[in-house]
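Notes to accompany the following structure.
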There are 2 protein chains.
Amino acid sequence: MSLSQIRYFVAVAEEGHVGRASRRLRVAQPAVSRQIRALEDELGGPLFERTPRGMALLPSGRVFLGHASAILAAVDRAVAATRAGREPPA
Amino acid sequence: MSLSQIRYFVAVAEEGHVGRASRRLRVAQPAVSRQIRALEDELGGPLFERTPRGMALLPSGRVFLGHASAILAAVDRAVAATRAGREPPA
DNA sequence: TGAGGTTACGCCTATCGTAATAATG
DNA sequence: CATTATTACGATAGGCGTAACCTCA
């Protein structure tokens with residue numbers, strides 16, 4: 001599992017669409033599709049249902065989405081706090 | 001920034017020693033040393049003080065350590081919760 | 001047959017390990 | 001000089017993009 005995979009997952013979950021997610025991420029479709037698949041493999045089963053309209057979150061996907069968003073937010077906080085601690089407020 | 005870098009950082013911070021951290025991580029020393037350096041570069045400055053005895057956390061390193069541990073814990077929770085949601089408790 | 005997702009394949013960058021090189025008490 | 005971290009360098013693996021393919025209404 002990588003932070004990229006988590007970011008790709010959140011984008012697909014929010015867009016409900018690999019194509020739109022890949023444009024938002026500025027990455028080609030197959031890259032997103034592959035990473036989602038790898039994530040699903042690692043988590044032991046599908047997170048999305050593939051429909052002719054796009055990707056619909058399954059229950060396990062909804063569970064993961066909450067955690068995934070929290071992880072990305074925690075990373076942002078970690079970076080901001082560490083940088084801020086180094087540059088004392090003027 | 002990657003989850004590996006965060007794991008390497010936590011190991012070095014806890015061991016105070018790249019060598020011990022690398023053994024604990026089952027990875028060669030230079031790999032750990034390089035990733036720590038890359039992390040420091042990304043965060044805009046050093047996280048450790050290099051001493052002849054090992055690596056001592058700087059204040060910004062202490063700040064980052066708290067966040068780093070939280071991120072790794074959140075990842076573990078994400079995996080566990082998603083897997084558990086798929087395999088209903090017997 | 002059109003919209004979407006996936007697989008195949010080749011390239012390219014990142015990461016690793018071994019070995020050599022500092023730096024420091 | 002012993003201990004620790006870092007740099008060099010060659011090899012390997014992972015990730016990406018283009019192009020081809022599959023699936024389903």
Side-chain angles (χ1 to χ4, degrees), chain A residues 1-62 64-65 68 71-72 75 79, chain B residues 1-62 64-65 68 71-72 75 78-79 82:
Chain A
M1 169 138 36
S2 70
L3 292 176
S4 284
Q5 284 175 343
I6 297 175
R7 290 194 190 96
Y8 288 12
F9 168 82
V10 170
V12 172
E14 290 179 355
E15 299 287 346
H17 198 279
V18 173
R20 279 193 295 273
S22 72
R23 284 190 288 279
R24 169 170 143 190
L25 294 164
R26 303 186 169 281
V27 165
Q29 256 141 343
V32 177
S33 182
R34 280 185 301 245
Q35 293 303 318
I36 296 295
R37 167 63 54 100
L39 185 60
E40 290 177 321
D41 286 350
E42 184 171 351
L43 291 174
L47 300 169
F48 294 99
E49 185 189 352
R50 275 71 172 169
T51 81
R53 318 283 274 182
M55 308 278 274
L57 273 177
L58 291 172
S60 45
R62 266 188 290 279
F64 188 71
L65 178 58
I71 291 165
L72 296 184
V75 170
V79 173
Chain B
M1 170 139 32
S2 71
L3 292 176
S4 284
Q5 285 175 342
I6 296 175
R7 289 192 191 97
Y8 288 12
F9 167 82
V10 170
V12 172
E14 290 179 355
E15 299 287 346
H17 199 279
V18 173
R20 278 194 295 274
S22 73
R23 282 190 289 279
R24 170 169 141 189
L25 294 163
R26 302 185 170 281
V27 165
Q29 247 148 344
V32 177
S33 183
R34 281 186 299 246
Q35 293 302 317
I36 295 295
R37 167 65 52 100
L39 185 60
E40 291 177 322
D41 287 350
E42 183 171 351
L43 291 175
L47 300 168
F48 294 99
E49 184 190 351
R50 274 71 171 170
T51 81
R53 318 283 276 184
M55 309 277 275
L57 273 178
L58 291 173
S60 45
R62 267 188 290 276
F64 188 70
L65 178 57
I71 291 165
L72 297 184
V75 169
V79 173
T82 306

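A note on names: the letters A, B, ... follow the listed sequences, proteins ahead of strands, and every chain is numbered from 1.
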With a 4.0 Å cut-off, would you call A:E49 and A:R62 a salt bridge? no
Please give, in whole Å, the distance from D:dT4 C1' to B:M55 CE? 10 Å
Give B:A28 one of three labels, base, sugar-phosphate or nothing, depending on what nucleic acid heavy atoms sit under 4.0 Å from its own. base
With DNA chain C as reference, determine whether A:P52 or A:R34 sits nearer its 5' end, using the nearest nucleotide of each. A:P52
Closest non-hydrogen atom pair between A:V18 and A:S33, with its separation: CG1-N, 4.3 Å
Reading DNA chain C from 5' to 3', where do the contacts with chain A start and stop? Cut-off is 4.0 Å to heavy atoms. C:dG4 to C:dC9
Check salt bridge (Lys or Arg N to Asp or Glu O under 4.0 Å) between B:R20 and all other residues, then give those that pass, not counting sequence neighbours. B:E15
Does any residue of residues 42-49 of chain B have a heavy atom under 4.0 Å from DNA chain C, and if so, which ones, in number order? none
Salt bridge (Lys or Arg N to Asp or Glu O under 4.0 Å) partners of A:E42, counting only residues at least two apart: none
Starting at CG of B:L3 and ending at P of D:dG14, how long is that distance when rounded to a whole Å? 16 Å
Minimum heavy-atom separation for A:V75 and B:M1, please, with both atom names. CG1-CE, 4.4 Å
With sequence neighbours left out, what residues match A:A31 under side chain to side chain contact (heavy atoms under 4.5 Å, CB included)? A:V27, A:R34
For B:P46 against B:S60, the heavy-atom pair lying closest together: O-OG, 3.2 Å
Separation of B:R50 atom CZ from D:dT4 atom C1', in whole Å? 12 Å
Of all the nucleotides listed (D:dC9, D:dT6, D:dC16), which has the minimum atom distance to the side chain of B:Q29? D:dT6
Here the pair of heavy atoms bringing A:A56 nearest to A:T51 is CB-CG2, 4.3 Å
Evaluate the criterion ring-ring contact (aromatic ring centres under 6.0 Å, His included) for residue pair A:F9 and A:F48; output intermediate values, then yes/no. CA-CA 10 Å; A:F9 168 82; A:F48 294 99; 5.3 Å; yes
Look at the side-chain N and O atoms of B:S33 and state whether any lies under 4.0 Å from the OP1 or OP2 oxygen of D:dA5. no
Do any of residues 5-22 of chain B sit with a heavy atom less than 4.0 Å from DNA chain C, and if so which? B:Y8
Grab the two heavy atoms, one from B:A78 and one from A:I71, that are nearest each other, plus how far apart they are. CB-CD1, 4.0 Å
